[in-house]
Colleague: 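Here it is, the structure in full.
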Number of protein chains: 2
Amino acid sequence: MHLSAASKPLTSEELAKAMHTNPVVVRRTMAGLREAGLVRSEKGHGGGWSVARDLEAMTLYDVYAAIGAPTPFALGNRTESPGCLVEQVVNESLDDAFKEAETILMARLRTVSLAALAVQFKHRLTAHNEHQGECVYDV
Amino acid sequence: MHLSAASKPLTSEELAKAMHTNPVVVRRTMAGLREAGLVRSEKGHGGGWSVARDLEAMTLYDVYAAIGAPTPFALGNRTESPGCLVEQVVNESLDDAFKEAETILMARLRTVSLAALAVQFKHRLTAHNEHQGECVYDV
DNA sequence: GTTTCATGTAACTTATAATGTTACATGATC
DNA sequence: GATCATGTAACATTATAAGTTACATGAAAC
């Protein structure tokens, strides 16, 4: 979203500063997005990161998938294939519950396009400027 | 569930052995269950842990709540109250999605009583014994 | 009543994963 | 060819959960 708001490609350094992290961490994360075709990267002068397709055609789910679709849950099985019959029964029941919740979560993420978030962002920016006076938001 | 299957209170040491962990870790975890009134503990000879109420009246949610209701999600906001307007908008959208998923997950956990799991466990135990010949399952 | 057994808990160590950092290779633009 | 930017390996730091040691407290057995 920062990229789409900018008029030129943004460097990893600029992005890192905006989100209080490190250029290499940015590259690592963005690499997933690049491989998924969500963003582009260019080397050399005037290079950096830019969006590769319409924000309308990107959802939060696409971003999630692009970064590797890590398990969204902090709770999990202590053992994957336990010999303990109690543990088996509990694991299966929890797995069912998590699966249901995950399905719903993913469906929800698919409904949120980055374009929709960009609209909300613009509203927020307007309100912010009215309250505090003009403020350049280039990054 | 191990406790309800046993005919006497089980010590932290016995439980630790059954779940391949450490007696102190067992005590730490069980302390939450005790404070929530799900289990009892007794010191001294013949002491140990036992269930404090009918398995019918305990659900997976009760257990989850008893151990402190930690956030079930591995994904979260990078910053709780970010100044960045993009981050604000994304956080709120994700928070909404997580909240919905969490509500559904908790509702689901409330439908699973430990008694229901105990029934499944007994079935599994029967099948296990038919397949392998009698096997004492006291812990 | 004292010995034994069990929990309760503080303090510390270890394991693991995410994040941050340094260093340098590769490629594009000026 | 000098400069700028990504790509990536290797390493360091940090945070958190799990495991461990040590010892105090209380209950039962003898």
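Here is how names work: the chains are called A, B, and so on, in the same order as the sequence lines, proteins then strands, and each is numbered from 1.
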Colleague: Would you indicate whether the side-chain heavy atoms of Leu75(A) and Leu94(A) approach each other to under 4.5 Å?
Modeller: no

Colleague: In residues 19-31 of chain B, what residues come within less than 4.0 Å of DNA chain D, judged by heavy atoms?
Modeller: Thr21(B), Asn22(B), Val24(B), Val25(B), Arg28(B)

Colleague: Taking CD1 from Ile67(A) and C1' from dT19(C), how many angstroms apart are they, rounded to a whole number?
Modeller: 14 Å

Colleague: If the test is side chain to side chain contact (heavy atoms under 4.5 Å, CB included), which one of Asp62(B), Val51(B), Leu3(B), Val39(B) qualifies with Leu33(B)?
Modeller: Val39(B)

Colleague: In Å and rounded to the nearest 0.5 Å, what is the CZ to CG distance from Phe98(A) to Asn77(A)?
Modeller: 8.0 Å

Colleague: Please check: side-chain N/O of Glu102(A) versus main-chain N/O of Pro72(A), any donor-acceptor pairing under 3.5 Å?
Modeller: no

Colleague: Measuring from Thr111(A):OG1 to Met106(A):CE, what's the distance to the nearest 0.5 Å?
Modeller: 12.0 Å

Colleague: Ignoring backbone atoms, establish whether Thr11(B) has a side-chain N or O less than 4.0 Å from OP1 or OP2 of dA6(C).
Modeller: no

Colleague: Can Lys8(A) and Glu14(A) be counted as an ion pair, charged N to O under 4.0 angstrom?
Modeller: yes

Colleague: Under a 3.5 Å threshold, yes or no: a donor from one side chain and an acceptor from the other, between Ser12(B) and Trp49(B)?
Modeller: yes

Colleague: Run Arg108(A) and Asp96(B) through side chain to side chain contact (heavy atoms under 4.5 Å, CB included) and show every step you take.
Modeller: CA-CA 9 Å; Arg108(A) 173 65 176 263; Asp96(B) 286 352; 3.3 Å; yes

Colleague: Describe, in one word, how the ring planes of Phe73(B) and Phe73(A) are oriented to each other, choosing from parallel (under 30°), tilted (30 to 60°) and perpendicular (over 60°).
Modeller: parallel

Colleague: For DNA chain C, which residues of residues 35-51 of chain A approach it to below 4.0 angstrom with any heavy atom?
Modeller: Lys43(A), Gly44(A), His45(A)

Colleague: Counting only non-hydrogen atoms, which of residues 69-80 of chain B are less than 4.0 Å from DNA chain C?
Modeller: Arg78(B)

Colleague: Does the distance from a Lys or Arg side-chain N to an Asp or Glu carboxylate O, for Glu92(A) and Arg124(B), drop under 4.0 Å?
Modeller: yes

Colleague: I need the CG-C1' distance between Leu33(B) and dG8(C), as an integer number of Å.
Modeller: 15 Å

